[in-house]
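Notes for the one structure printed next.
Scope of the values below: all heavy atoms of this structure, side chains included, with no hydrogens, waters or symmetry mates. Predicted model, so just to flag it, every value in this text is computed and none were measured. Each chain gets a letter, A, B and so on, in the order its sequence line appears, and its residues count up from 1.
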2 protein chains.
Amino acid sequence: MIRRLSQARERGIPEATVARLPLYLRALNGMAERGLATVSSEDLAVAAGVNSAKLRKDLSHLGSYGTRGVGYDVEYLIYQISRELGLTQDWAVAIVGVGNLGRALANYGGFVSRGFRVAALLDADPEVVGDHIAGLSVEHIDELEAVIRRRGVSIVVLATPAAAAQQVADRVIAAGVTSILNFAPVVLAVPEGVDIRKVDLSIELQILAFHEQRKTDRMTGGPAMAEEWPEAVDL
Amino acid sequence: MIRRLSQARERGIPEATVARLPLYLRALNGMAERGLATVSSEDLAVAAGVNSAKLRKDLSHLGSYGTRGVGYDVEYLIYQISRELGLTQDWAVAIVGVGNLGRALANYGGFVSRGFRVAALLDADPEVVGDHIAGLSVEHIDELEAVIRRRGVSIVVLATPAAAAQQVADRVIAAGVTSILNFAPVVLAVPEGVDIRKVDLSIELQILAFHEQRKTDRMTGGPAMAEEWPEAVDL
DNA sequence: CCCACTTTGTGCACCGGTTCACAAAGGGAC
DNA sequence: GTCCCTTTGTGAACCGGTGCACAAAGTGGG
C-alpha cells in the first residue's frame, strides 16, 4: 500500500477533526474488542455519533486508509489514529492541586487511558503533602520545577483554586511545559506557543440552564415547579 | 430606557454566543466586587479573553444595553446576562454516580455557584448509599424517578461508569429531564429535544497530546526523555 | 451650542467547517 | 473479462461565526 504524503498528510489537520479523532478511536476500540475486522464509514459514524461524510473527510486528512467497496480495517485504523494523536508515545502528566477534583482525576481510570501516565501529584497544603493517592505520594508545590524536569512531564493538569491557577501556570510554563489542561475557573494568560484547554463545569451547567429555560418557557411560561412535573412520557 | 424586543432579542441567540456569556458574567462579577460601575467593551473583552468586536456583537444579541462613549453598566449587564442564562431561577441538579468524580462534583464549590443547587446524589452501590456528602445523603438509584419528580430536578449530571450511562440517561429522560451533563466516556443516544453536554477528560488530554507531539517533533524529533522513571501506576 | 473625543452597534468580507451528491475505485459473481 | 454492487474520497455549495472598519450615538469642555 502506497502512503500518500501529499498536502493532506503532514499538513495541518483541521482542529475540528483532531477533536473527533479520539471519538473514532474509542468506537474502534470497542469494535476491535467485539472482533470486527473491517467497518464502513456509515457504521463507524453511527457509533461515534457523527455524519458519515464528515467521518470520511476527517479520515481522508490522515491519508487514504480505506478500501472502496469494503470499508476500513479496524486494527489498521486504530494504529493510524493512535499514531496521529501521539498515543504511541508515553506522556507523563502532573496534576497540580489535590483537592476533591484533583483526587478524582488521579483516581479516575477512564480519564487516563492509553499513552498517559500520572507521574506526579503536587499541592501547596502541608496537610495534604505526603498523602498517598492512586499509588503516588503528594509532593509539595516547591518541588514543581524539579519534578517536571526529572520525570519528563510534558502535560500539566491544573486543579487548583482559581486564585492560584495563573501563578502555577506561569511556573510550569517557565519550566518548559507547553500543554495545560485547566480546570480552574479563570481565563489564563499564556504566551504564544502554549496550548491551553479549559474544562469549566460551571459554564457547562449555565449553557444547559439557558436551553432548559427556553424549553420550559415555551411550554409553561415559567420554570417547572416541584410536584407539578408531568408523569413520565413513554419514549 | 427603551428596551428593543426586535428580531435580535427573544429570537435565537447564536450558540457560540451562549457559550461565552458565562465567561462575561464571571469577569463582570469580579469587576463588581472591585467596585467598578461601568466597563468598556475593550476592558471586558480583555478580562474574558476575547476580541472586543465579538463581545459587542454577543451583547448586541441580548439588546442594546451599552451607552456609546461610556460603556456598559456593570450591575445592569450582570442582571441581563443572568436573566438570559436563566440564573435568576433556582435549578435543582441531581448527580448520578457517587464515585470519585461524583464526590468531587458534589463538593466543588465553584461548580454550583449561582442559581444551581445539588438536590440529590444517587448511586447503585449499596456500599455508598447512605453516605453523607456535602450535606446530602446518597440515595439508591431505584429512587431516581421519585427523587426527580419530588424535588423538581431539571438538570442531571451523569458521573456513572460508561457501561451504566446510557441506561441511566434513558431513565432520567423518561422521567422528564431534558438537560444532561455527561461525564461518562460514551456517546449517548437521546431523542430529539434533549440537550446533552459532554465533558470528556480523556479526549481533552488526547487533543493536547496531538499538539504536544507536533511541537516536540518539530524541535527534537521525539518526546522529552525522563531522567527518572516515576513510580506511577499505568492507568 | 458646537466641536472634539470616546465607545457602541453593525455591515460586510472572509474563513473554517459541514453536508450533499457523485465520480472513482475496488470486490465478487459468472 | 465484464457487469453490477458497495463504499470511499472529494468537489462544491452552503452555513455559522469572526473580525475589520466605520457610521451613529452619546459625553464633556469651552
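A donor-acceptor contact shorter than 3.5 Å links the side chain of A:N29 to the backbone of A:L25. Here the side chain of B:W91 pairs no donor or acceptor atom with the backbone of A:L208 at under 3.5 angstrom.
No side-chain heavy atom of B:R20 sits under 4.5 Å from any side-chain heavy atom of A:I207. Contact check for B:L181 versus B:L158: no side-chain heavy atoms found under the 4.5 Å cut-off. Residues B:V46 and B:L44 fail the side-chain proximity criterion, which asks for heavy atoms closer than 4.5 Å.
Interface residues of residues 41-50 of chain A facing DNA chain C, ordered by number: none; criterion, heavy-atom separation under 4.0 Å.
In this entry the distance linking OH of A:Y72 with P of C:dG26 reads 13 Å, nearest Å. Taking atom CG of residue A:D58 and atom P of nucleotide C:dT18, one finds them 7 Å apart after rounding to whole Å. One can place CZ of B:R56 at 14 Å from P of D:dC22, the figure rounded to the nearest angstrom. In this structure, CG of B:L55 is placed 14 Å from P of C:dT10, rounded to the nearest angstrom. Between the CG atom of A:L59 and the P atom of C:dT18 there is a distance of 13 Å, rounded to whole Å. Summarising the geometry, the separation between NE2 on A:H61 and P on C:dT18 is reported as 10 Å, rounded to the nearest angstrom.
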Could you pull out the protein-nucleic contacts involving nucleotides 11-14 of chain C (nitrogen or oxygen on both sides, under 3.5 Å)?
residue, atom, partner, partner atom, Å
C:dG11, O6, B:K57, NZ, 3.0
C:dC12, N4, B:K57, NZ, 3.3

Short N/O separations, protein against nucleotides 13-17 of chain D, under 3.5 angstrom:
residue, atom, partner, partner atom, Å
D:dG17, OP1, B:A16, N, 3.4

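Looking at A:R83 and A:T88, their side chains never bring a donor and an acceptor atom within 3.5 Å of each other. No side-chain donor from either of B:Y108 and A:N100 sits under 3.5 Å from a side-chain acceptor of the other.
For the side chain to side chain contact (heavy atoms under 4.5 Å, CB included) with A:Y24, the lone residue among A:I78, A:L55, A:L77 that qualifies is A:L55.
Residues A:E84 and B:R214 are paired through a salt bridge, judged by an N-O separation under 4.0 Å between the basic side chain and the carboxylate.
Candidate nucleotides C:dT19, C:dG9, D:dG9 were compared by shortest atom distance to the side chain of A:A53, and C:dT19 ranks first.
B:Y65 and B:Y76 have their aromatic ring centers within a separation under 6.0 angstrom.
Checking the phosphate oxygens (OP1, OP2) of D:dC20, a side-chain nitrogen or oxygen of B:N51 falls inside 4.0 Å.
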Quiz prompt | Nucleic acid footprint by protein, nucleotides 24-30 of chain D - heavy-atom cut-off 4.0 Å, B for base, S for sugar-phosphate alone | solution = BBSS---
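Applying the side-chain hydrogen bond (donor to acceptor under 3.5 Å, both in side chains) test to pairs two or more places apart or on separate chains, those with a residue in residues 161-178 of chain A are A:E145-A:R171, A:Q166-A:D170, A:T178-B:E212, A:T178-B:K215.
A search for side chain to side chain donor-acceptor pair (under 3.5 Å) contacts involving A:S40 returns nothing, not counting sequence neighbours.
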Practice problem: Could you walk me through whether A:Y72 and A:R56 pass the side-chain contact (heavy atoms from CB on, under 4.5 Å) test, one step at a time? | Solution: CA-CA 10 Å; A:Y72 300 87; A:R56 288 197 299 278; 3.8 Å; yes
